[in-house]
Amino acid sequence: MGALEMSARLRCAIDILGGFGKSVLSFGMKSPLIIMALSIVALQSYAVEESSRPQSSGEPASTVVKVFRAGAATSNITPFLGTSIIGGFAPKGSLHIHDELHVRCLVLDDGQTQLAFAIVDNVQIPHEVFDAAKQLIHENTSLPMENMLMAATHSHSAPSLRGTSYTVLDQPFDEYQKFVIRRIADGIQRALHNLEPARIAWGAGEVPQHVFNRRWLLKDGKTVTSPFGDEDLAVTNPGRYARELLKPAGPVNAKVYFLSVESTAGRPIALLANHWLHYVGGVGKGHISADYFGVFSQRIAQLLAAKGDDPPFVGMLSNGASGDINNNDYASYGKKKRRSYAPYEKMKLVAEDLAQEVLRIRKTIKHKDWVKLGAAQAEMTLRYRRPDAEQLKRAKAILENPKPDSREYTRQALFARRAIDVAKFPETLDIAAQVFRIGDLGIAALPFEVFTEIGLEIENRSPFGETFTIELANGGNGYLPSPKQHELGGYETWLTVNRVEKGASPKIVKKLTELFLQLKNE
């Protein structure tokens with residue numbers, strides 16, 4: 001654009017600005033700020049004209065600027081004191097709140113597609129609770145429900161969101177469930193409100209010192225009897241068999257994956273990490289706590305964000321395929337004196353190591369100005385596992401002959417009552433298989449406590465450059481062992497603990513792979 005055309009456009013801009021423009025002439029257009037403002041108006045006028053001008057066959061089409069946005073927020077979901085804490089076989093009342101429980105939310109927007117994450121401090125959440133929250137969000141924002149990924153962290157020091165019983169279906173929502181539904185919806189809606197131009201990156205580090213397979217095979221093919229009378233080759237948390245341990249029954253995954261978003265000015269907005277570790281534990285008696293998931297979220301904020309940022313940075317830690325993983329090194333049991341930890345000491349140690357590794361890798365990667373987003377979801381129908389006639393007969397016989405002073409009987413009676421409840425389940429259930437695409441990153445979401453070898457298979461079959469799994473997502477249906485692990489037996493394979501057919505995992509992996517390929521080819 002030449003000088004004469006620019007001068008004419010400045011005059012035009014003065015006319016557009018009306019009375020203010022006339023007063024400019026009285027200053028002789030000597031004010032630099034006024035000249036700058038008028039120049040912007042003139043250039044915008046030129047840009048609008050150019051974008052609407054017909055293109056000749058030899059001219060390239062005008063480029064549309066793509067803007068990537070991100071927003072994050074949290075919702076406090078701490079319950080009243082006295083609320084029962086779940087996570088063990090016998091729920092107990094809470095006596096103290098050590099740290100607050102939260103829903104931690106992140107929304108991503110590539111200009112065409114929005115994806116939403118909600119990571120909830122809880123042990124396991126039924127799909128009905130998540131579905132109600134998604135429906136509320138959809139009604140208020142029109143965000144598609146299949147574009148929302150909601151998952152429990154698996155903290156064992158939080159109240160139940162499964163109603164009055166783990167094995168009773170179709171219960172009305174209780175007070176705490178209703179509260180959390182609204183707070184999940186609030187968190188996502190606030191994250192949407194906080195959307196701003198952003199950059200995004202992802203990466204993975206290694207933290208091998210804290211992950212161990214908790215299922216072990218014993219020497220000489222020794223077996224252990226389950227509460228259902230079956231002989232198991234695999235033993236979960238086998239501390240009392242320290243002298244007889246042969247080898248772990250499955251693999252581990254030492255990676256810590258993460259997704260980082262920052263403003264275009266470089267201010268950290270949020271970081272979503274993913275680690276394949278069941279939980280850490282070691283809380284005080286009767287304490288409510290978000291476990292190491294909460295500690296990591298706070299620590300990564302301390303390392304990355306500045307105090308007083310508005311909106312504040314949100315750190316998040318989701319749980320990966322860790323149904324058979326904990327942080328107890330059973331290979332060292334009986335070989336050396338085990339270190340004892342004060343309450344919360346071990347979870348702080350694990351969280352610190354994760355945060356430092358994420359920080360180290362984050363410094364080596366470049367945030368991108370824009371990436372393509374995508375979501376795909378499919379409903380799958382699986383068979384419920386229900387007791388056969390012989391198992392049901394045995395369960396009733398156990399309850400008819402109580403042995404109140406027997407620890408073994410207490411365990412048998414617990415699973416006998418569960419078996420009788422599960423016998424009333426319908427034949428099938430529907431689950432959601434969900435995948436997200438974030439550039440060349442794939443995320444799989446499953447409503448189970450997923451064995452690590454299944455998560456590794458999902459990763460290996462994914463067409464994306466990096467892939468990780470978020471477990472207990474969009475529902476909670478117990479453990480998901482592979483067929484191989486079902487053959488070995490052990491706690492995670494028991495009826496009522498594993499709720500779906502033994503051949504479920506290959507079907508789910510196949511469906512997730514198909515969904516990933518669908519997103520890759522779009």
Side-chain angles (χ1 to χ4, degrees), residues 68-78 100-122 124-153 155 158 161 173 176-198 200 259-261 263 268-274 290 293-294 297 301 309-319 373-377 432 434-438 443 445 447 470-476:
F68 191 85
R69 298 189 300 160
T74 63
S75 290
N76 192 309
I77 57 167
T78 308
E100 307 280 354
L101 306 182
H102 290 89
V103 179
R104 297 177 174 87
C105 302
L106 172 64
V107 174
L108 306 175
D109 184 341
D110 71 356
Q112 292 187 322
T113 301
Q114 291 181 334
L115 303 179
F117 297 86
I119 308 301
V120 187
D121 289 330
N122 199 265
Q124 190 175 122
I125 303 173
H127 75 87
E128 291 89 351
V129 170
F130 282 142
D131 289 350
K134 290 179 182 182
Q135 183 64 42
L136 187 57
I137 295 164
H138 176 69
E139 290 171 357
N140 291 333
T141 69
S142 298
L143 181 66
M145 293 175 65
E146 59 270 21
N147 288 30
M148 307 178 208
L149 191 164
M150 300 179 178
T153 59
S155 168
L161 275 169
F173 290 140
Y176 188 60
Q177 288 174 313
K178 292 177 183 177
F179 170 66
V180 171
I181 288 167
R182 291 303 302 261
R183 297 303 283 151
I184 293 173
D186 289 348
I188 294 293
Q189 289 175 233
R190 291 174 58 220
L192 282 163
H193 178 80
N194 289 338
L195 281 171
E196 62 178 302
I200 187 166
L259 178 68
S260 172
V261 289
S263 73
I269 294 172
L271 186 142
L272 168 61
N274 176 260
F293 309 99
S297 300
D309 280 349
D310 184 19
F313 172 87
V314 177
M316 312 164 70
L317 178 59
S318 61
N319 207 331
L373 302 179
Q377 182 171 306
Q434 182 188 45
V435 297
F436 278 3
R437 173 189 183 170
I438 301 171
I443 300 175
I470 296 179
E471 71 172 21
L472 292 172
N474 307 311

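Sequential numbering from 1 along the given sequence is applied to the chain's residues.
Looking at heavy atoms from C-beta onward, F313 lies out of side-chain contact with I269 at the 4.5 angstrom threshold. The shortest side-chain heavy-atom distance between R104 and S297 falls under the 4.5 Å cut-off. Counting heavy atoms from C-beta outward, Y176 and I77 have side chains that approach closer than 4.5 Å. Side-chain contact between P311 and R190 is absent, with no heavy atoms from C-beta onward closer than 4.5 Å. Put simply, the side chain of V107 does not reach to within 4.5 Å of the side chain of L115, judged on heavy atoms.
Contact record, A185 with A133: CB-O, 4.3 Å, taken as the closest heavy-atom pair. The heavy-atom pair separating A191 from A73 by the smallest distance is N-CB, 3.7 Å. Closest non-hydrogen pair, C105 versus A118, comes out as SG-CB, 4.1 Å. For the residue pair L195 and G71, the shortest heavy atom distance occurs at CD2-N, 3.5 Å. Taking all atoms of both residues into account, the shortest heavy-atom contact from V261 to I200 is CG1-CG1, 3.7 Å.
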Report task. Tell me, with the steps shown, if L106 and V314 meet side chain to side chain contact (heavy atoms under 4.5 Å, CB included). Result -> CA-CA 8 Å; L106 172 64; V314 177; over 6 Å; no
Query raised in the report: Under the side chain to side chain donor-acceptor pair (under 3.5 Å) criterion, do N140 and Q189 qualify, and how do the steps go?
Result: CA-CA 8 Å; N140 291 333; Q189 289 175 233; 3.2 Å; yes
Query raised in the report: Do I443 and V435 pass the side chain to side chain contact (heavy atoms under 4.5 Å, CB included) test, and can you show the C-alpha distance, the side-chain angles, and the key distance before you say yes or no?
Result: CA-CA 6 Å; I443 300 175; V435 297; over 6 Å; no
Requested in this report: Tell me, with the steps shown, if L472 and I125 meet side chain to side chain contact (heavy atoms under 4.5 Å, CB included).
Outcome: CA-CA 7 Å; L472 292 172; I125 303 173; over 6 Å; no
Report task. Could you give me the CA-CA distance, side-chain angles and deciding distance for L373 and F68, then say whether side chain to side chain contact (heavy atoms under 4.5 Å, CB included) is met? Result -> CA-CA 10 Å; L373 302 179; F68 191 85; 4.0 Å; yes
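Annotation: the span from F179 atom CZ to T78 atom OG1 amounts to 7.5 Å, rounded to 0.5 Å. Of the inter-residue distances, the one linking I119 atom CD1 with L149 atom CG reads 6.5 Å to the nearest 0.5 angstrom. If you take OG1 on T74 and CD on E100, they are separated by 10.5 Å, rounding to the nearest 0.5 Å. Remark: F130 CZ to M150 CE distance equals 7.5 Å, nearest 0.5 Å. Here L108 contributes atom CG and F436 contributes atom CZ; the two are 8.5 Å apart, rounded to the nearest 0.5 Å. To the nearest 0.5 Å, the span separating CD on Q377 from CG on N474 amounts to 6.0 Å.
Remark: side-chain polar atoms of Q177 are paired, donor with acceptor, to backbone N or O of L161 under 3.5 angstrom. The main-chain N or O of A375 is never found under 3.5 Å from a side-chain atom of E146 such that the two would form a donor-acceptor pair. Of the possible polar contacts, one joining the H138 side chain to the L143 backbone as a donor-acceptor pair under 3.5 Å is found. A side-chain donor-acceptor contact under 3.5 Å links Q434 to the backbone of M148.
A side chain to side chain donor-acceptor pair (under 3.5 Å) with R69 is found for one member of N194, D110, D109 and no other, namely D109. Partner D121 forms a side chain to side chain contact (heavy atoms under 4.5 Å, CB included) with one of N76, V103, T153 and no other, that one being T153.
At a cut-off of 3.5 Å, with distance as the only test, no side-chain donor of Q114 or N147 sits close to an acceptor on the other residue. N274 and S318 share a donor-acceptor pair across their side chains, judged by distance under 3.5 Å alone.
In the displayed structure, Q112 atom CD is contacted under 6.0 Å by at most 12 heavy atoms of other residues, nucleotides or ligands.
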